[in-house]
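Note: hydrogens, waters and symmetry copies are ignored here, and every other heavy atom, side chains too, is used. In each ligand, atom 1 is the first atom listed, and ligand 1 is the first ligand listed.
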Amino acid sequence: MNERLNILSDRWRDRVAEAVDWLTEKGFTGRVGLILGSGLGNFVDAVDDAQAVEYGDIPGYTTTSVAEHTGRLVCGTAAGVPVVVMQGRLHPYEGLPFDELLLPTAVLACLGIESAIVTNAAGGLNRYYLPGDLMVIRDQIDLHLHDPLRGLLAQPFAPVAGSDAKTAALLAEVGRSGGVADLFDPSLARKLVAAAAESGVPMHSGTYASMYGPAYEAKAEIGMLRRMGCDAVGMSTAPETVLLKRLGVSPVGLSCITNPARETGQPELSHQDVVEVGKMVRDRMARLLLAFLPKV
Ligand code: HPA
């Protein structure tokens, strides 16, 4: 029995297990998982010996309503590393309950990955960020204000899977037995920065805020996020990261800054603009990911 499935609540486990069994039978497994954000899906072209299934064919999966988010799960090797890639994701703004929203992430974890690279398109709050820049996510503020794990775990306050005994004891002492010292893996983040330097890709490092959307932020909200210390804002990633970490997967986050988010006003922003900038930088991002994967 898959150990990670046991962490899930009774009402969720069977649904996740059905998809995991179906995919495992087809040979879907890997060491590193990738979740590709808006306009960034082309990384799958770099996957060798690729096997792909449409989300719609996987038992229990809800298909995305957003045209640009092709929904496929791809398995193969990239830079010699066995990977499972989510090409496209569901978003909280689609209005789905969190058990549906996070089912593909739970399945990804239960396919046996050790680490996950979670990517997204984001607005740049930091004044130094320009469209096309990349940012490694050091930490996040989840402004969905909905704990993504609500109702999804068998034992809500059990220690995080894979956490070492010392960390678990320390967290238990401060009353945070289900908490995490570092949500994003600091050593993976450092390796991603190193891979960026080696591949000549400029890289920022900052805090990601996740909002519901689908409306982009009002000027006053942008001002609030800046004052809260956020460097980039998007509409995904945070719930997935919390779940991955809880299931014992080490997450590393990467934002592609597609537009400046300015409280002084900005040109009207459309989803299409975001996707277009994503397309512009996706080759750079793919190059970076190929340099990073062997270090993971
Ligand atoms: N806000 C929220 N999500 C986004 C943005 C933004 O400005 N750009 C890309 N995704």
Numbered atoms of ligand 1 (with element) below 4.0 Å of Ala121, judged on heavy atoms: 9 (C), 10 (N)

Would you mind running through ligand 1 and noting each atom that sits below 4.0 Å from a heavy atom of Met235? 2 (C), 3 (N)

For Thr258, take its heavy atoms, then give the atoms of ligand 1 lying under 4.0 Å from any of them. 8 (N), 9 (C)

Carboxylate-amine/guanidinium proximity below 4.0 Å for Arg11 and Asp99: yes

Proximal atoms of ligand 1 relative to Gly123 (non-hydrogen, under 4.0 Å): 4 (C), 5 (C), 6 (C), 7 (O), 8 (N), 9 (C)

Would you say Asn259 and ligand 1 have an N/O pair spaced under 3.5 Å apart? yes

Hey, could you give me each pair passing side-chain hydrogen bond (donor to acceptor under 3.5 Å, both in side chains) that has a residue in residues 101-117? Not counting sequence neighbours. none

My understanding is that we take every heavy atom of each candidate and find the minimum distance to atom 2 (C) of ligand 1. Doing that for Glu221, Arg262, Glu217, Met211, which one comes out nearest? Glu217

When you compare the side chains of Thr207 and Asp139, does any donor N or O come within less than 3.5 Å of an acceptor on the partner? no

Check: His204/Asp231 side-chain N/O donor and acceptor closer than 3.5 Å: no

Here the side-chain hydrogen bond (donor to acceptor under 3.5 Å, both in side chains) pairs for residues 15-34, sequence neighbours left out, are none

